[in-house]
Amino acid sequence: MNEQDTLQEVREFKKFKNKIGLYAVIVAGICQVISFLVLGVDLKFTYGLVLGTAVALLNFNILEVTLRVAMSGGSGAAIIIIGYLVRLAFYGISFYICITTTYSCGAGAALGYLTVKVAIYYLHGFKAKFSTGRVVREEPEGLKFKEHWYDYKEDEEVDPWEKDDWDYKNHRRKEE
């Protein structure tokens, strides 16, 4: 892979990340509009929602950096664990700040944490129509469940692609 391909991948990933961030802010805005209808003007809820969304976006970026460093080599497991603990600390500290303010602020923070996840589900799930063009392959015979324990082969490697003599519809051995 040359330098130009790497730069192109970085640009595409930044567009991907920015789009998720934009949709997360849109989801937060929708939550805020709904909260105006349900709660009225509650600035503490808004504070929690903004803080929760900001923490979710920050944690998404920390996750990206953590994975990039871990995948480039070195001590991958240690970096992933440290990144996870840092992200967990951000969630915990921000939620503690919000919940000690008011419960509606804590609820706003909890909804804010979900904005990035909802944005990802929307962009790569509902908008992409989850299973468009998805082909599910049939399970190989050797991997299908048998009716009885004694139908499994013993002390030899099972080749999942080999044809066996079990009739799965009628739950018995095939007649020859």
Side-chain angles (χ1 to χ4, degrees), residues 1-137 139 143 145:
M1 178 179 283
N2 61 22
E3 188 176 325
Q4 210 167 31
D5 290 341
T6 305
L7 287 174
Q8 182 65 23
E9 284 183 16
V10 169
R11 282 190 207 110
E12 287 178 18
F13 187 75
K14 282 188 179 200
K15 284 198 301 191
F16 165 77
K17 217 170 58 167
N18 291 340
K19 197 173 202 180
I20 288 175
L22 174 68
Y23 275 82
V25 170
I26 290 170
V27 168
I30 292 169
C31 289
Q32 184 60 42
V33 168
I34 293 171
S35 79
F36 281 148
L37 299 174
V38 174
L39 300 174
V41 177
D42 186 358
L43 294 178
K44 301 287 185 181
F45 179 85
T46 304
Y47 167 70
L49 185 64
V50 169
L51 183 62
T53 303
V55 167
L57 288 170
L58 176 68
N59 281 343
F60 184 64
N61 286 318
I62 291 171
L63 177 66
E64 180 258 328
V65 169
T66 302
L67 290 176
R68 183 176 293 162
V69 170
M71 296 302 272
S72 66
S75 57
I79 296 294
I80 290 174
I81 291 171
I82 290 169
Y84 174 76
L85 292 175
V86 168
R87 292 184 298 119
L88 192 63
F90 278 129
Y91 279 129
I93 291 168
S94 64
F95 188 71
Y96 178 76
I97 290 169
C98 288
I99 203 72
T100 55
T101 305
T102 61
Y103 288 128
S104 67
C105 185
L111 281 175
Y113 297 154
L114 296 175
T115 56
V116 171
K117 292 156 190 67
V118 170
I120 291 170
Y121 292 147
Y122 176 73
L123 278 172
H124 300 286
F126 298 112
K127 192 172 182 181
K129 296 183 181 124
F130 275 112
S131 61
T132 301
R134 181 172 179 232
V135 178
V136 179
R137 66 172 175 80
E139 196 69 32
L143 295 178
F145 288 108

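Counting from 1, the numbers follow the sequence of the chain as shown.
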For [Y], does its backbone N or O pair with a side-chain atom of [X] as donor and acceptor, under 3.5 Å?
X: T102; Y: C98; result: no
X: Y23; Y: I120; result: no
X: T101; Y: I97; result: yes

Please evaluate residues N18 and L22 with respect to the criterion side-chain contact (heavy atoms from CB on, under 4.5 Å), reporting the C-alpha separation (whole Å), side-chain torsions for both, the decisive distance (0.1 Å), and the verdict. CA-CA 6 Å; N18 291 340; L22 174 68; over 6 Å; no

Please report the interatomic distance [atom1]([X]) to [atom2]([Y]), rounded to the nearest 0.5 Å.
X: I80; Y: L63; atom1: CD1; atom2: CG; value: 9.0 Å
X: L51; Y: S94; atom1: CG; atom2: OG; value: 5.0 Å
X: N61; Y: R87; atom1: CG; atom2: CZ; value: 11.5 Å
X: T53; Y: L58; atom1: OG1; atom2: CG; value: 12.5 Å
X: E12; Y: K17; atom1: CD; atom2: NZ; value: 14.5 Å
X: L43; Y: C105; atom1: CG; atom2: SG; value: 10.5 Å

More than 12 heavy atoms from other groups under 6.0 Å of NZ on K14: no

Y103 atom OH: more than 12 heavy-atom contacts under 6.0 Å: no

Verify side-chain contact (heavy atoms from CB on, under 4.5 Å) between S35 and L49, making sure each step is shown before the conclusion. CA-CA 10 Å; S35 79; L49 185 64; 5.9 Å; no

Would you call the rings of Y113 and F95 parallel, tilted or perpendicular if under 30° counts as parallel and over 60° as perpendicular? tilted

Criterion side-chain contact (heavy atoms from CB on, under 4.5 Å) on L111 and F45, from CA distance to verdict: CA-CA 10 Å; L111 281 175; F45 179 85; 3.7 Å; yes

For a quick test of reading the model, state the closest non-hydrogen atom pair linking G112 to A56 and the distance between them. O-CB, 3.6 Å

Which heavy atom in I99 sits nearest to a heavy atom in G106, and how many Å separate them? CD1-CA, 4.0 Å

